[in-house]
Structures are given as structure tokens and as C-alpha cells.
Colleague: 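I have a structure I would like to understand better, so I am pasting it below and will then ask my questions one at a time.
Order of the sequence lines fixes the chain letters, A, B, ..., with proteins taken first and strands second; residue numbering starts at 1 for each chain. This structure is a prediction, so every number in the text was calculated from the model and none was measured.
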Number of protein chains: 2
Amino acid sequence: MRGEALKGHLDLLLLAAVRARPAHGYAIIENLRLRSGGSLDLPEGTVYPVLHRLERAGFLRSRWSEASGRRRRTYEVTEEGLSELRARERDWREFSRAVEGVLVEAT
Amino acid sequence: MRGEALKGHLDLLLLAAVRARPAHGYAIIENLRLRSGGSLDLPEGTVYPVLHRLERAGFLRSRWSEASGRRRRTYEVTEEGLSELRARERDWREFSRAVEGVLVEAT
DNA sequence: TCATATACCTAGTGAAACTATGTATCAAGA
DNA sequence: TCTTGATACATAGTTTCACTAGGTATATGA
């Protein structure tokens with residue numbers, strides 16, 4: 001897939017991924033990659049700053065933990081994050097329908 | 001809809017719109033706006049530079065004409081543009097499926 | 001005559017995601 | 001033992017993309 005495809009939909013993806021499965025950053029990336037059959041393969045340098053921003057915005061909450069000697073920062077979606085996610089889902093549906101409409105359009 | 005939603009999908013949209021209906025820039029914008037029920041409302045400053053780039057890349061061909069005293073630059077999709085469009089459509093489907101997969105994902 | 005719609009254009013800006021790089025731990029294998 | 005790769009975090013700087021803001025010009029209706 002073209003790299004630029006996800007532009008503008010990254011918040012949606014990360015919020016949805018964490019809603020489905022609270023996890024730490026590295027695992028979120030793994031989950032997205034596996035769930036999408038490899039097509040959503042996000043660089044850490046893309047994901048971590050967005051997770052920080054979403055937490056600052058109050059949409060995610062994180063706590064540090066330790067697993068097999070390595071520290072992890074595990075995220076979950078807040079109440080506010082849930083309504084934000086629902087709003088973004090509506091946006092996605094609207095956008096997606098609009099694109100589909102143009103793609104199937106015959107003369 | 002959020003403004004940033006279309007990032008990375010603008011080439012797809014414009015190529016598809018012109019394939020469906022060869023038209024001049026202003027009309028392409030109108031068509032997209034009407035077809036999408038208003039949600040795809042692209043500024044001219046967004047669309048015109050992309051049309052120029054797509055023409056430079058060989059994906060669109062344009063010719064000048066005149067209608068009711070105003071000059072128009074009408075675009076159509078080239079052969080090369082058609083295969084580019086088909087590739088972009090595949091990318092879109094893949095991306096769209098991946099997003100849907102994450103959205104419906106339960107724990 | 002004055003605003004609005006039509007129709008084109010581009011320079012500069014801002015935001016978004018990426019590249020590159022760094023730190024640290026652990027397991028496996030040479 | 002030493003190195004490589006996977007796990008796990010972080011951020012500074014760059015690039016890319018769409019947008020804002022400004023410009024030109026013609027036609028139409030109030």
C-alpha cells in the first residue's frame with residue numbers, strides 16, 4: 001500500500017486499536033500489522049508521538065509496567081476518547097462512502 | 001468531515017472523477033461536491049496544483065476551450081492514467097478493508 | 001454599478017507522518 | 001563471550017501534502 005494512505009486517519013486507527021485491545025505501543029503496532037495482513041505497518045516514530053498527543057488530549061490513559069525486564073507503557077481509551085473515537089468513526093464512514101461514490105460513478 | 005481526511009487520497013479522487021466525467025477543474029470540484037452530498041468540498045488551491053502535477057506525470061491530458069466568454073481547461077484521463085487509477089483503487093480497497101477490520105475488531 | 005458566480009493560477013504556510021537516531025533489556029546463536 | 005535481532009521506549013529534524021490567501025479575468029443579475 002502507498003505509505004501516505006493513512007494520512008488523516010491515524011488517530012482513528014490508534015484509538016480503535018486500543019479500544020479493541022488495551023496494549024503498549026509496540027504491541028499496538030504489531031496488532032495493526034497482523035490484523036491488516038501487513039498492510040498497516042506503522043513506524044514507531046509515527047506511532048509514539050501520536051499516542052503521547054492522544055494522551056495529552058485526554059483520549060488515552062497510560063500506565064507503566066514491567067514485563068520480562070522491559071518497561072512497558074500500556075494505553076487504554078478514556079470515556080472522552082470513546083466519544084472522540086465514535087466521532088472519528090462517523091467521519092471515516094462519511095469519507096469512505098464519498099470515495100466509493102466517486103469510484104463507482106459511471107458517466 | 002475533518003479536512004485532513006482526504007490526505008493521500010486526492011490523486012485517486014481526481015483521477016476517478018475525471019474518468020467518470022472529463023471536465024474542467026472548476027466543474028470537477030462541483031461534481032465532487034454534489035456527488036458527495038457536500039462532504040467533498042475541495043478548495044481550488046488544493047485541486048489545481050494536483051491537476052497540473054497529474055498532467056505533468058502523464059496521467060491526465062488537457063485542452064483549452066472557451067465557453068460563454070470564459071476559458072476552460074478540460075481534462076481527460078490518459079491510458080497511463082487509467083492504470084495508475086486502477087493501482088490507486090487497489091490501494092484504496094486494501095486500506096479501506098484494513099481500517100474496517102480494525103474498527104469492527106472486538107476484544 | 002456592484003456583488004456573485006464562474007474559471008483560472010501560485011506563493012507561502014502549517015500540520016501530519018516519516019526518517020534517522022538514540023537508549024536499554026533479553027534471548028539465541030556463533 | 002560477543003554479537004545480532006527482537007522487544008520497547010523516545011524525539012529532533014525533514015519532507016510531503018493540502019490548505020490559506022492572494023491574484024487575474026469574464027459574465028450575469030440585482
Side-chain angles (χ1 to χ4, degrees), chain A residues 1-15 17-18 22-34 39-57 59-60 62-75 88 91-92 95 98-99, chain B residues 1-15 17-18 22-34 39-57 60 62-75 88 91 95 98-99:
Chain A
M1 193 186 333
R2 287 169 52 249
E4 314 91 68
L6 68 90
K7 291 196 184 197
H9 308 286
L10 188 49
D11 291 11
L12 168 72
L13 275 174
L14 293 185
L15 287 171
V18 176
H24 60 288
Y26 197 87
I28 293 169
I29 292 173
E30 282 296 288
N31 292 341
L32 284 173
R33 196 171 52 77
L34 294 175
S39 58
L40 292 176
D41 195 2
L42 311 184
E44 297 168 45
T46 292
V47 171
Y48 289 125
V50 176
L51 291 173
H52 298 165
R53 179 169 51 74
L54 291 174
E55 180 163 31
R56 274 199 312 278
F59 300 145
L60 294 178
S62 76
R63 52 184 173 75
W64 285 97
S65 64
E66 183 132 345
S68 59
R70 293 189 201 89
R71 63 195 190 124
R72 287 175 170 178
R73 189 161 169 176
T74 300
Y75 291 90
R88 294 301 180 95
D91 289 340
W92 162 257
F95 176 68
V99 172
Chain B
M1 193 186 333
R2 287 171 51 252
E4 314 90 69
L6 66 88
K7 289 197 184 196
H9 308 286
L10 188 48
D11 291 12
L12 168 73
L13 275 174
L14 293 184
L15 286 171
V18 175
H24 61 288
Y26 197 88
I28 293 170
I29 293 173
E30 281 295 289
N31 293 340
L32 285 173
R33 196 171 52 75
L34 294 175
S39 58
L40 293 176
D41 195 2
L42 310 185
E44 296 168 45
T46 292
V47 171
Y48 287 124
V50 177
L51 291 175
H52 298 164
R53 178 170 50 76
L54 291 174
E55 180 163 31
R56 274 201 309 279
L60 293 178
S62 75
R63 53 184 172 74
W64 286 98
S65 63
E66 184 133 343
S68 61
R70 294 189 200 88
R71 62 195 191 124
R72 287 175 169 178
R73 189 162 169 176
T74 300
Y75 291 90
R88 294 300 181 97
D91 289 340
F95 175 68
V99 172

Colleague: Holding to side-chain contact (heavy atoms from CB on, under 4.5 Å), I want the full list of residues that pass it with I29(A), two or more places apart in sequence or in another chain.
Modeller: E44(A), V47(A)

Colleague: Which part of the nucleic acid, if any, lies within reach of R70(B) when heavy atoms closer than 4.0 Å are counted: base, sugar-phosphate only, or nothing?
Modeller: base

Colleague: Would you check if L51(A) and I28(A) make a side-chain contact, meaning some heavy-atom pair closer than 4.5 Å?
Modeller: yes

Colleague: Please list each protein N or O that sits under 3.5 Å from an N or O in nucleotides 10-14 of chain C, with the distance.
Modeller:
residue, atom, partner, partner atom, Å
dT10(C), OP2, H52(B), ND1, 3.2

Colleague: Is it true that atom CZ of R63(B) has more than 12 heavy atoms of other residues, nucleotides or ligands lying nearer than 6.0 Å?
Modeller: no

Colleague: Looking at residues at least two apart in the chain, or sitting in another chain, which of them share a side-chain contact (heavy atoms from CB on, under 4.5 Å) with A27(B)?
Modeller: A23(B), H24(B)

Colleague: Atom CD1 of I29(B) to atom C1' of dA18(D): distance rounded to whole Å?
Modeller: 13 Å

Colleague: Grab the CG-P distance between L10(A) and dA16(C) for me, whole Å please.
Modeller: 10 Å

Colleague: Between dA17(C), dC19(D), dT7(D), spot the one nearest the side chain of P43(B), thanks.
Modeller: dC19(D)

Colleague: Closest to the Y75(A) side chain: dC8(C), dT20(D), dA10(D)?
Modeller: dA10(D)

Colleague: Does the plane of the ring in H9(A) sit parallel, tilted or perpendicular to the ring in F95(B)? Use 30° and 60° as the thresholds.
Modeller: tilted

Colleague: Rounded to whole Å, how long is the line connecting atom CD of E30(B) with atom P of dA7(C)?
Modeller: 9 Å

Colleague: Return the minimal non-hydrogen interatomic distance between G25(A) and Y48(A), and the atom names on each side.
Modeller: CA-CE2, 3.9 Å

Colleague: Less than 4.0 angstrom between a side-chain N/O of R73(A) and OP1 or OP2 of dC9(D), yes or no?
Modeller: no

Colleague: Can you tell me the distance, in whole Å, between the CZ atom of R53(A) and the P atom of dA12(D)?
Modeller: 16 Å

Colleague: In whole angstrom, what separates R71(B)'s CZ from dT24(D)'s P?
Modeller: 14 Å

Colleague: Give me the atom names and distance for the closest heavy-atom approach of T74(A) to S65(A).
Modeller: OG1-OG, 4.0 Å

Colleague: Could I get the full list of side-chain contact (heavy atoms from CB on, under 4.5 Å) partners for R71(B), not counting sequence neighbours?
Modeller: W64(B)

Colleague: Figure out the CG/C1' separation between D11(B) and dA18(D), and round it to whole Å.
Modeller: 11 Å

Colleague: Measure from CG on L51(B) to P on dC17(D) and round the result to the nearest Å.
Modeller: 16 Å

Colleague: Starting from the first five and the last five pairs of the helix from dT1(C)-dA30(D) to dA30(C)-dT1(D), work out the angle between the resulting helix axes, to 10 degrees.
Modeller: 0°

Colleague: Please identify each residue that fulfils side-chain contact (heavy atoms from CB on, under 4.5 Å) with R53(B), with sequence neighbours left out.
Modeller: D11(B), V50(B), R56(B)

Colleague: For R72(A) and dC26(C), give me the distance from atom CZ to atom P, rounded to whole Å.
Modeller: 13 Å

